[in-house]
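Chain A is the first sequence line, chain B the second, and so forth, proteins listed ahead of strands; every chain is numbered from 1. Side-chain atoms are counted along with the backbone in the values below, which use heavy atoms only and exclude waters and symmetry mates. What you see is a predicted model; the values in this text were computed from it and never measured.
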Protein chains: 2
Amino acid sequence: MDFFEQLGPAALGSRLRRLSEQVTGQAADVYRLYGLAFEPRWFPVFYAVAAEPGLHVGEIAERIGQTHAAVSQVLKELVKQALVQVQRGEADQRRSIVTLTEKGAAIWPVLQQQTQDVRQATEQLLTETRHNLWLALEETEYALSRQSLAKRVKAIRNQRIRAAVDILDFQPEYQPDFKQLNVEWIETYFRVEEADLKALDHPQEYILARGGHILLARYQGRIVGTCALIPMDATTYELAKMAVSPLVQGLGIGRLLGDAAIAKARALGASRLYLESNTRLTPALNLYHQLGFRKTVAAPPSPYERCNIQMELPLLA
Amino acid sequence: MDFFEQLGPAALGSRLRRLSEQVTGQAADVYRLYGLAFEPRWFPVFYAVAAEPGLHVGEIAERIGQTHAAVSQVLKELVKQALVQVQRGEADQRRSIVTLTEKGAAIWPVLQQQTQDVRQATEQLLTETRHNLWLALEETEYALSRQSLAKRVKAIRNQRIRAAVDILDFQPEYQPDFKQLNVEWIETYFRVEEADLKALDHPQEYILARGGHILLARYQGRIVGTCALIPMDATTYELAKMAVSPLVQGLGIGRLLGDAAIAKARALGASRLYLESNTRLTPALNLYHQLGFRKTVAAPPSPYERCNIQMELPLLA
DNA sequence: TGTATATTTGTAAGTACTTACGTAAATTAC
DNA sequence: GTAATTTACGTAAGTACTTACAAATATACA
């Protein structure tokens with residue numbers, strides 16, 4: 001029990017299961033109290049059939065919120081107990097139409113009375129508590145249907161990770177990371193070209209010395225992402241060398257780098273950002289679109305073979 | 001879903017189970033998110049071992065609130081995954097001492113981080129709801145541990161049944177019921193004696209004509225209980241012929257008859273009630289004690305062989 | 001009117017636990 | 001010091017469902 005306290009709500013699933021077992025276990029005692037040879041798990045199916053005789057398996061399943069397989073299995077037992085009978089559907093031969101037998105009809109009033117009593121007892125139990133379990137279940141189910149636990153966890157994780165990411169300016173010791181991260185993604189999709197190697201091996205000469213800038217994302221002491229701003233003309237920079245390690249992709253680190261690059265370009269007085277990419281790189285294009293980039297109509301020729309799309313972002317003062 | 005609305009909290013068990021399944025199902029997605037080949041049901045065991053290496057199976061079971069069998073099964077899988085290792089206990093050869101392997105130790109930080117994230121997500125989820133599920137579970141478990149559902153249902157059922165019981169004065173047409181109910185219980189424990197038959201066959205002559213009274217309990221149109229007041233002297237009545245049908249025993253009908261008989265004796269101006277019984281009839285003696293009867297010190301001789309205890313109740317004005 | 005597709009159901013196997021039971025080791029009783 | 005009891009744990013089978021699959025029938029459409 002201590003364990004649950006420690007873990008808190010992370011153990012929610014187990015805890016729900018335990019209470020469920022406790023409750024259904026006690027339900028068996030209740031049936032014994034009323035002298036019924038009746039198992040708790042039969043109850044929903046039997047109840048549905050008694051309330052609406054002539055339902056078929058699928059309809060019962062829908063009404064009680066279980067699968068047809070579960071209904072089918074319970075029916076098999078109920079038939080063996082001679083509490084219900086099953087006939088083929090007249091119009092539709094696939095259907096199994098279920099009705100109560102005489103024996104079933106005989107125990108129905110007892111069961112109804114018992115249901116009443118259980119309902120009263122449960123309602124009384126729930127009013128004893130400050131937090132109403134029934135309503136809490138309803139609300140929690142709804143909240144989970146709106147956004148799954150996995151999605152919620154993912155959001156929190158991404159937030160945590162992003163908060164732990166630094167954006168750094170280039171330093172010579174980062175050149176190997178800068179190269180490795182870029183080569184890694186290029187090789188995954190394309191071939192590394194001559195123009196790539198020049199810039200990646202000698203960023204100082206080919207990017208910084210020409211008035212460009214390189215930004216790096218650091219997470220847990222490791223460089224996990226890069227991007228560069230390369231001057232094209234007096235008021236335009238190219239956003240290039242955008243790479244994020246596959247180990248941390250999907251966490252929003254690209255977005256952080258993009259935001260930082262745009263801020264940097266603004267600080268440098270640029271009025272426009274430009275970039276080249278490939279339509280195969282869907283996640284990247286999504287990111288660029290999110291950042292505000294739109295497809296360029298008249299595009300200058302690119303030195304890279306792999307580029308088949310150009311985008312730009314006007315930086316309004 | 002409609003069905004649940006209709007049945008209300010009677011379907012609590014099923015509902016709990018469903019949410020539990022939903023939550024644990026989504027937990028699997030969460031592990032996938034963190035790139036862990038890890039099943040949700042391993043979690044409690046692994047967590048316990050990581051937090052306290054060197055625990056043995058029984059201790060783990062106790063910490064996580066499951067059975068040793070469950071722990072044993074999960075451990076088998078964890079060993080197959082090379083996440084933990086099991087050794088015989090040194091001092092106690094029966095024990096299986098569990099520790100993390102290198103691989104297990106390697107994923108532990110990831111799992112810890114993940115637990116943190118899940119906890120945050122769950123806490124956030126719970127704050128979205130007006131009724132807190134976690135607290136509701138706690139309170140409900142506590143309430144159920146204080147008094148089981150079966151006991152609660154029984155209390156409500158007894159209350160309902162008692163409210164539907166009438167206490168009637170004797171009428172000649174009730175003589176067969178009067179006799180049958182008394183013979184039934186006498187034969188269960190003893191033999192029917194000559195003195196019994198006289199009074200049961202001719203209550204008018206042997207009880208009513210001598211200034212006695214007979215009370216009957218009617219439930220659902222049937223006579224289900226009897227008792228009689230038989231004058232002993234000017235101020236004392238004997239409480240006798242107390243019988244309740246086995247079909248409705250334990251519902252408090254005896255208590256209703258007893259209360260009615262005492263009220264009647266008071267109305268008749270009696271100052272004392274007296275009765276004879278047998279120590280084998282524990283439930284009856286309990287009832288008499290509840291009604292206020294205490295063992296008589298000096299007892300007159302009884303015409304019935306089966307009587308080995310006498311009790312009396314002073315009726316203070 | 002035949003064929004592809006969908007619906008309805010039953011059966012099998014899986015899930016995440018439990019209870020029941022058997023065996024071996026340790027402890028207690030005498 | 002041996003016998004009886006208790007403890008520790010593994011295995012098997014059960015529970016109340018699920019998902020996956022298979023077979024039969026019904027419907028849609030060309």
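Between C/dT9, D/dA16, C/dT18, one nucleotide has an atom nearer to the side chain of A/Glu39 than all others, and that is D/dA16.
Using a 30° and 60° split on the angle between ring planes, A/Phe43 and A/Tyr31 fall in the tilted class, from 30° to 60°. Ring orientation note: the planes of B/Phe38 and B/Phe46 are nearly perpendicular, at an angle over 60° on the 30°/60° scale.
A donor and an acceptor atom, one from each side chain of B/Gln290 and B/Arg255, are located under 3.5 Å apart.
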_Stepwise side chain to side chain donor-acceptor pair (under 3.5 Å) test for B/Arg160 and A/Gln113_ = CA-CA 10 Å; B/Arg160 169 171 58 76; A/Gln113 189 55 260; 2.9 Å; yes
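What separates NE2 of A/His56 from P of C/dT9 is a distance of 4 Å, to the nearest Å. Taking atom CZ of residue B/Phe43 and atom C1' of nucleotide C/dA16, one finds them 16 Å apart after rounding to whole Å. In this structure, the CG atom of A/Leu19 is 15 Å from the C1' atom of C/dC17, given to the nearest Å. Rounded to an integer number of Å, the gap from A/Arg17 CZ to D/dT18 C1' is 12 Å. Rounded to an integer number of Å, the gap from CG of B/Leu16 to C1' of D/dC17 is 14 Å. Atom CD1 of B/Ile97 and atom P of D/dA8 are 11 Å apart (whole Å). Computed from coordinates, the A/Ile60 CD1 to C/dT8 P distance equals 13 Å when rounded to whole Å. For the pair B/Glu77 CD and C/dG14 P, the interatomic distance rounds to 13 Å; values are reported in whole Å.
Comparing B/Val86 and B/Glu21 by the nucleotide of DNA chain D that holds the closest heavy atom to each, the one mapping nearer the 5' end is B/Val86.
Judged by distance alone, with hydrogens and angles left aside, B/Arg95 brings no side-chain donor or acceptor close enough to the base of D/dA8 to form a pair under 3.5 Å.
A/Lys76 has a side-chain polar atom (N or O) that falls below the 4.0 Å cut-off from OP1 or OP2 of C/dT11.
Formation of a donor-acceptor pair under 3.5 Å by the B/Arg157 side chain with backbone atoms of A/Asp117 is not found in this model.
Within a 6.0 Å sphere centred on NZ of A/Lys103, heavy atoms belonging to other residues, nucleotides or ligands number more than 12.
Annotation: salt bridge (Lys or Arg N to Asp or Glu O under 4.0 Å) contacts of A/Arg146 (sequence neighbours excluded): B/Glu128. Here A/Arg32 pairs with A/Asp29 under the salt bridge (Lys or Arg N to Asp or Glu O under 4.0 Å) rule; sequence neighbours left out.
For the atom pair CD (B/Gln147) and CD (A/Gln124), the distance works out to 8.0 Å, reported to the nearest 0.5 Å. Taking CD from A/Glu39 and CD from A/Gln81, the interatomic distance works out to 7.5 Å, rounded to the nearest 0.5 Å.
For residues 43-55 of chain B, the set of pairs meeting the salt bridge (Lys or Arg N to Asp or Glu O under 4.0 Å) definition, not counting sequence neighbours, comprises B/Glu52-B/Arg63.
Helix bend of the helix from C/dT1-D/dA30 to C/dC30-D/dG1: the angle between its two end axes, each built from five pairs, comes to 0° after rounding to 10°.
The residues A/Glu90 and A/Arg95 are annotated as not salt-bridged, no charged nitrogen and carboxylate oxygen being separated by less than 4.0 angstrom.
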Find every protein N or O atom lying less than 3.5 Å from an N or O atom of nucleotides 22-25 of chain C, and list the pairs.
residue: C/dA25; atom: N3; partner: B/Arg94; partner atom: NH1; Å: 3.4

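A heavy-atom distance below 4.0 Å to DNA chain D is reached by these residues of residues 67-74 of chain B, ordered by number: B/His68, B/Ala69, B/Ser72, B/Gln73.
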